[in-house]
> 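Below: one structure in structure tokens.
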2 protein chains.
Amino acid sequence: MQIEKLDTSLLKKYESRVAILKAMAHPTRLYILDILKEGTMCVCEIDRLIDSDTSTISKHLAVLFNAGLVSREKKGLNVFYTLETPCLLLPFKCLEKENNV
Amino acid sequence: MQIEKLDTSLLKKYESRVAILKAMAHPTRLYILDILKEGTMCVCEIDRLIDSDTSTISKHLAVLFNAGLVSREKKGLNVFYTLETPCLLLPFKCLEKENNV
DNA sequence: ACACTATTTGGCTATATTACCAAATATGCA
DNA sequence: TGCATATTTGGTAATATAGCCAAATAGTGT
């Protein structure tokens, strides 16, 4: 099988994937993605589950939003976040199988 | 469903996953993982496919190795790298489906 | 031992990421 | 209008990451 060299156009493909991986690559954000699997949640609820400054959590949510991993909707004073890409959380299950964990 | 707070022990789980995501979160490394799907390859072969300093490539390989994503074996002058976790590359296919790409 | 090749390591600078605090913004209600 | 609550934004210091160069290491053959 012929392997393509890493040129500019191929690089673009990987860069878009990297954007997703970077957005996921933080324990708090991975946790947020995980709890959003249970359903839409407002910032205040997420805040209660995580022992960090609210502004820090808000910034993590912004990272996830900018990467397209979650969507958000404002309702009154609250902002509700929804998981958009449940797929992304699958590989870890798969990994655990590979390692017979 | 009851959601667990992000405490120290839960954090540990996510940190180990983050280590994997961080190792993947670079275009060159993602490319390397992709080409290693085709089979074991020595550094010199990988080097030929990527237009970067060999030392940079070697460092990327070290990152992948330290995260357990690839293994390596020295044979004479060459070091051969092998993909250990093909699973990890699946979610992107899944994503493309979700987005109807 | 010497020269040659493949790979890794160390050092440096530039850039990116994170967390906390304070302040700003937006909404709802009296 | 004025106040309270929810969320975001800006600033800043600490830490981590990336890429290049030079040098070190390791193996092979003469």
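Computation of the quantities below employed the complete heavy-atom set of this structure, encompassing side-chain atoms and omitting hydrogens, waters and symmetry-equivalent molecules. No experiment lies behind these values; they were computed from the predicted model shown. Per chain, numbering begins at 1; letters A, B, ... match sequence-line order.
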> Rounded off to whole Å, could you give me the CG-to-C1' distance for the B/Leu77 and C/dT7 pair?
9 Å
> Hey, does the side chain of A/Arg72 come within less than 4.0 Å of D/dT8's phosphate (OP1/OP2), counting only N and O?
yes
> Is the phosphate of D/dT17, meaning OP1 or OP2, less than 4.0 Å from a side-chain N or O of B/Lys22?
yes
> Find out whether A/Tyr14 and A/Leu6 are in side-chain contact, i.e. whether some heavy atom of one side chain is under 4.5 Å from a heavy atom of the other.
yes
> Could you pick out which residue, B/Asp53 or B/Val63, lies toward the 5' side of DNA chain D when each is mapped onto its nearest nucleotide?
B/Val63
> Does a side-chain N or O from B/Ser55 land closer than 4.0 Å to OP1 or OP2 of D/dC20, or not?
no
> Check the distance between C/dT13's P and B/Lys59's NZ and give it to me in whole angstrom.
14 Å
> Rounded to whole Å, please give me the gap between NE2 in A/His26 and P in C/dT17.
12 Å
> Touch check for A/Tyr81, heavy atoms < 4.0 angstrom, all strands: base, sugar-phosphate only, or nothing?
sugar-phosphate
> Between atom CD in A/Glu45 and atom C1' in D/dA6, what is the gap in whole Å?
13 Å
> A/Asn78 side chain N/O closer than 4.0 Å to the phosphate oxygens (OP1, OP2) of C/dT27?
no
> It should be established whether A/His60 places a side-chain nitrogen or oxygen under 4.0 Å from OP1 or OP2 of nucleotide C/dT17.
no
> From CD of B/Glu73 over to C1' of C/dT7, roughly how many Å is that when rounded to an integer?
16 Å
> Could you tell me the separation between the OG1 atom of A/Thr54 and the CZ atom of A/Arg48, rounded to the nearest 0.5 Å?
11.0 Å
> Take the protein atom CD1 of A/Ile46 and the nucleotide atom C1' of D/dT7, then report the distance between them rounded to whole Å.
12 Å
> Do the side chains of B/Ile32 and B/Ile50 get nearer than 4.5 Å, heavy atoms only?
yes
> So do the side chains of B/Lys5 and A/Leu49 get within less than 4.5 Å of each other, counting heavy atoms only?
yes
> What is the distance, to the nearest angstrom, from the CD1 atom on B/Ile50 to the C1' atom on C/dT7?
15 Å
> Looking at side-chain heavy atoms only, is the closest gap between B/Tyr31 and A/Ile3 below 4.5 Å?
yes
> Just how far, in rounded Å, is C1' of D/dC20 from CG of B/Asp47?
14 Å
> Output yes when at least one side-chain N/O atom of B/Thr56 is less than 4.0 Å from OP1 or OP2 of D/dG19, else no.
no
> Checking all strands, does B/Lys74 fall into the base, sugar-phosphate, or nothing category for heavy-atom contacts under 4.0 angstrom?
sugar-phosphate
